[in-house]
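Atoms within a ligand are numbered from 1 in the order they appear, just like the ligands themselves. Throughout, residue positions are numbered sequentially from 1 according to the sequence presented. Keep in mind the model is a prediction, meaning the values are calculated, not measured.
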Amino acid sequence: MLISGRGSNLLALIRAIQERRLDATIAVVISNVADAPGLEHARLAGIETLCISHRGWPQRDDFDRELARQLRARQVSLVCLAGFMRLVGRPMLDAFPHAILNIHPSLLPAFPGVDAQQQALDYGVRIAGATVHFVTPELDGGPIIDQRAVDVQPDDTAASLSARILEQEHQLYPAAVATVLAGGWYLQGRRLVRSDGADRHAGG
Ligand code: GRF
């Protein structure tokens with residue numbers, strides 16, 4: 001997993017694994033910020049942590065090459081970003097094709113980028129939410145794996161809306177990771193399709 005900050009989604013994944021709702025192992029948690037509070041969740045759970053700063057590399061891609069090298073060395077098959085505040089570069093995308101996930105606090109494709117909850121409030125939408133998607137070179141633009149909707153209340157602030165979206169994120173991310181790891185799906189263009197047709201609408 002890659003984080004930069006608080007790590008509440010990391011904690012949600014750790015708990016889902018501990019409670020056997022998710023059959024997975026977190027091999028390593030890498031932060032580009034040395035004092036990211038989320039690293040403590042990993043340490044308490046006995047998960048290896050690494051800090052790799054994005055600063056000080058001769059070229060931008062060198063940081064991504066190092067991330068990919070460390071993840072490959074641990075035989076990682078799926079990379080989960082949670083609050084990782086860097087664009088993922090070519091070396092990582094090439095090393096993990098269709099195997100890097102991100103969670104974003106909006107119903108994409110609405111409100112990509114930073115401050116998604118404030119963007120949603122400013123726009124005046126009545127329904128906000130969260131999205132788990134595959135990472136591609138386009139910021140928050142990859143194929144969608146799953147989404148959760150959250151009603152916007154008239155008196156919402158960015159903080160109150162973010163808190164309700166976050167509750168949904170903590171359920172959505174483990175479920176989406178489970179979906180991806182279970183297999184039995186393929187991508188048709190941007191669409192994630194279940195091979196068994198289970199996501200077809202009745203009569204459709
Ligand atoms: C979450 O809102 C996530 O959707 C966004 O960054 C935030 C990270 O929170 N990408 P946390 O570090 O997982 O608590």
In this structure, atom 12 (O) of ligand 1 is nearest to the protein heavy atom G7 N, 2.8 Å
ILVMFWY cluster, I145 and I100 together (side-chain gap under 4.5 Å): no
Would N102 count as a polar contact of ligand 1, with the cut-off being nitrogen or oxygen pairs under 3.5 Å? no
With nothing but distance in play, are any N or O atoms of I103 less than 3.5 Å from an N or O of ligand 1? yes
Is I3 near ligand 1, meaning one of its heavy atoms is under 4.0 Å from it? no
Testing the 3.5 Å rule here: is there a donor-acceptor pair between the side chains of Q171 and E167? no
Parallel under 30°, tilted from 30 to 60°, perpendicular over 60°: which one fits the rings of F84 and F63? parallel
Checking a contact table here: which protein heavy atom is nearest atom 11 (P) of ligand 1, and how many Å away? S8 N, 3.4 Å
Only residue of L101, V135, L71 satisfying side chain to side chain contact (heavy atoms under 4.5 Å, CB included) with V79 is L71
According to the interplanar angle, ranging from 0 to 90°, do the rings of F134 and W185 count as parallel (below 30°), tilted (30 to 60°) or perpendicular (above 60°)? tilted
Would the number of heavy atoms belonging to other residues, nucleotides or ligands and lying under 6.0 Å from CZ of R65 be above 12? yes
Would you check whether L166 has a nitrogen or oxygen atom less than 3.5 angstrom from a nitrogen or oxygen atom of ligand 1? no
Heavy atom of the protein closest to atom 9 (O) of ligand 1 (residue, atom name, distance): R6 NH2, 3.0 Å
Closest to atom 8 (C) of ligand 1 among protein heavy atoms sits G83 CA, 3.6 Å
When only distance counts, is Q117 in polar contact with ligand 1, meaning an N/O pair under 3.5 Å? no
Are a donor atom and an acceptor atom from the side chains of N32 and S53 found within less than 3.5 Å of each other? no
Identity and distance of the protein heavy atom lying nearest atom 2 (O) of ligand 1: E169 OE2, 3.0 Å
